[in-house]
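Bear in mind the structure is a predicted one, so any value in this text is a computation, not a measurement.
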Number of protein chains: 2
Amino acid sequence: MTDTLTASLEDYLEAIFHIASDRQAVKPRDIARRLKVSYASVTGALRSLAQKKLVNYTPYDLITLTPEGVEAARDVVRRHEVLHDFLVDVLAVDDAEAGDAACLMEHSIPRTVMDRLIQFVEFVQTCPRGGSEWVQGFSHHCDHDSARENCEKCIVSCLEETRKKARQRGKGQMVLSKLKDMKPGQKCRIIKVRGRSEASKRILGMGVIPGSVVEIERISPPGGPIDVKVRGYHLSLRKDEAEGIDVEVI
Amino acid sequence: MTDTLTASLEDYLEAIFHIASDRQAVKPRDIARRLKVSYASVTGALRSLAQKKLVNYTPYDLITLTPEGVEAARDVVRRHEVLHDFLVDVLAVDDAEAGDAACLMEHSIPRTVMDRLIQFVEFVQTCPRGGSEWVQGFSHHCDHDSARENCEKCIVSCLEETRKKARQRGKGQMVLSKLKDMKPGQKCRIIKVRGRSEASKRILGMGVIPGSVVEIERISPPGGPIDVKVRGYHLSLRKDEAEGIDVEVI
DNA sequence: ATATAAAGTTAGCCATGGCTAATTATCTGC
DNA sequence: GCAGATAATTAGCCATGGCTAACTTTATAT
Ligand SMILES: [Mn+2]
Ligand SMILES: [Mn+2]
Ligand SMILES: [Mn+2]
Ligand SMILES: [Mn+2]
């Protein structure tokens, strides 16, 4: 169990995980199509994964991930997504290309580097000297290699923005919201996790602390769960759990 | 020849290149030690590389890279170094760990992503809103998850710095230097490449344009060549070539 | 000069992970 | 229910890239 998975097997796990999310059943055909390999290769990989107790596999039967398989697959997907987000959001790489690159690089990036990468992306998104306009400045800088004449203006507006926020914070007028009031697609920064619910333990256990960036992914209609992404992890929070989390919109 | 090298063979090439730089002769023993593989594995790899015309290899003889081998090796080394610099300078990863990580990741990062990564690191080093204090801010942010209270101060000083530079630029008092007057370890930004010498063609051919960051690596004593690193490439410039390049110290 | 040590090569084993071709199982339409 | 199509498996091939063990070549010391 200490042995690490090969790049190939990680890709199979990832594929199975995604197919299982999309459709109900996972069949060798789906995997072969997705990974562009022959049926025979799929059978071989499934045998390996079954031997490692990561998938439930008996010939001609449906394919499912074991609990350990789900865990391993989630880890691969997380690496993929973190890399993808970095490539797109920070390096301004084309989306499709970022997907391909992420799927190549996801197998060789060490855990510690992953963690730092997440922290860095959060820092860029959070730090007033970073922020989205700054990143856009980079994109612009990439496309046109024109001189950056408006540097001073850029910093001045950044400073004003920061001062405004500081003033509001001082007067207790900070734009504090509850996580449950966010809309899908929005990003916010965690200010405080109140209560000692299961959710707060789960969150803190993932290294999510005040200051972390949370992205709202989906909100199920009638007071249903809220799906968020934080530090690359996907989390589903009940409405009452999301009530106890104070955030600041970015 | 269109076929791309495997990660393993790239590592052998990289090792041979480095050993050749350190000592005069390259022997299987050195490669085996460096890559922590058996002698037999080295022989096998050398046969592969010889067949691909990347090394000159006859049993019991010294090992040398062919011109194409040098080119391929340089490319691997460049990828390694660019990644290493990014990990250390931007992500603040520990130096030794960055080396290991770079050597794993160098084989799976696509060329286009490499290019963007270089541009990004240059942007961070060049943009007033980025800069070294900003990156240090990130390191600090990583170590202590204390609140960043001094954000405003940070931006103010950044603004003042920018204004000062802009004023100097306006009065024509810009701190313009010639590349040849730099000291090893210094980084500077290219302002202008004068003349149409071989060197300027070589430089421009590598995508090095005004705005690019150059790091001085070594200066040979009596008016000898100047070794610089730019966009991940190592370049050796003659003194008179370096004379024609105007730079601004960062 | 020759014995011994060290370095290097070869042969052959194994694991991984592709593939094709042949076979078997399952599904679908009539 | 059965024929033909589709899906899946098996067997076997090949390439890569590790390894060990046995051998050969080269270096070193007496
Ligand atoms: Mn992948
Ligand atoms: Mn992937
Ligand atoms: Mn490597
Ligand atoms: Mn390397």
- Task: Go through D:dC19, C:dT20, D:dT9 for me and flag the one nearest to the A:A40 side chain.
- Result: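 Taking heavy atoms from C-beta onward, the closest nucleotide is C:dT20.
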- Out of C:dG18, C:dT9, D:dC19, whichever nucleotide has its closest atom nearest the side chain of B:S41: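 Among the listed nucleotides, the one closest to the side chain of B:S41 is D:dC19.
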- Query: Parallel, tilted or perpendicular: which fits the ring planes of B:H84 and B:H80, with parallel below 30° and perpendicular above 60°?
  - Reply: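 B:H84 vs B:H80 ring planes: parallel.
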- Task: Look at all strands and tell whether A:R33 reaches a base, only sugar-phosphate, or nothing, counting heavy atoms closer than 4.0 Å.
- Result: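 No contact.
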- Message: For a quick check of understanding: with a heavy-atom distance under 4.0 Å over all strands, which category does A:V37 fall into, base, sugar-phosphate or nothing?
- Response: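 Result for A:V37 = sugar-phosphate.
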Less than 3.5 Å apart, which donor and acceptor atoms pair up between the side chains of residues 30-38 of chain B and the rest of the protein, not counting sequence neighbours?
{"from": "B:D30", "atom 1": "OD2", "to": "B:K27", "atom 2": "N", "distance (Å)": "3.0"}
{"from": "B:S38", "atom 1": "OG", "to": "B:S41", "atom 2": "N", "distance (Å)": "3.3"}
{"from": "B:S38", "atom 1": "OG", "to": "B:S41", "atom 2": "OG", "distance (Å)": "3.1"}

Taking [atom1] from [X] and [atom2] from [N], how many angstroms apart are they, rounded to a whole number?
X	N	atom1	atom2	result
A:L46	D:dA7	CG	C1'	14 Å
A:R29	D:dT6	CZ	P	12 Å
B:D30	C:dG8	CG	P	8 Å
A:Y39	D:dT10	OH	P	16 Å

- Which dot-bracket string fits DNA chain D when only Watson-Crick or G-U wobble pairs with both atom distances under 3.5 Å count, crossing pairs get [ ], and | stands for a partner on a different strand? ||||||||||||||||||||||||||||||
- Query: Out of A:E217, A:R74, A:E215, which residue meets the side-chain hydrogen bond (donor to acceptor under 3.5 Å, both in side chains) rule with A:H234?
  - Reply: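 Option passing the side-chain hydrogen bond (donor to acceptor under 3.5 Å, both in side chains) with A:H234: A:E217.
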- Does A:R47 place a side-chain N or O at less than 4.0 Å from the phosphate oxygens OP1/OP2 of D:dT10?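 It does, given that an N or O in the side chain of A:R47 lies less than 4.0 Å from OP1 or OP2 of D:dT10.
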- Are OP1 or OP2 of C:dC19 and a side-chain N or O of A:S38 less than 4.0 angstrom apart?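 So the side chain of A:S38 is within the cut-off, an N or O lying under 4.0 Å from OP1 or OP2 of C:dC19.
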- Under 6.0 Å between ring centres, would you say that holds for A:F86 and B:F86?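 A:F86 vs B:F86: aromatic centres under 6.0 Å.
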Each nucleotide N or O in nucleotides 14-17 of chain C that has a protein N or O under 3.5 Å away: list the pair and distance.
{"from": "C:dG17", "atom 1": "OP1", "to": "A:T6", "atom 2": "OG1", "distance (Å)": "2.3"}

- Task: May I ask you to check if A:R78 and A:Y233 form a cation-pi contact, with NZ or CZ under 6.0 angstrom from the six-membered ring centre and within 45° of the axis?
- Result: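 The answer is yes; both the distance and angle limits are met.
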- Query: Who pairs with A:V213 by side-chain contact (heavy atoms from CB on, under 4.5 Å), at least two apart in sequence or on another chain?
  - Reply: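 Counting only residues at least two positions away or on another chain, A:V213 forms a side-chain contact (heavy atoms from CB on, under 4.5 Å) with A:E122, A:Q125, A:T126, A:K187, A:I250.
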- Query: Contacts to DNA chain D from residues 99-108 of chain A, heavy-atom cutoff under 4.0 Å, which residues?
  - Reply: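 Of all residues in residues 99-108 of chain A, none places a heavy atom under 4.0 Å from DNA chain D.
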- Scan residues 56-66 of chain B against DNA chain D and write down, sorted by residue number, each residue with any heavy atom closer than 4.0 Å; if none is found, say none.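 Only B:Y60 qualify.
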- Query: Any salt bridge between A:R79 and A:D75, counting N to O under 4.0 Å?
  - Reply: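 Answer for the salt bridge query: yes.
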- Message: Quick one, B:K52 and B:L9 - any side-chain contact, counting heavy atoms below 4.5 Å?
- Response: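 Yes, their side chains come closer than 4.5 Å.
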- Task: Calculate, to the nearest 0.5 Å, the distance between atoms CG and CZ belonging to A:L87 and B:R116 respectively.
- Result: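 Nearest 0.5 Å value for the CG-CZ distance: 10.5 Å.
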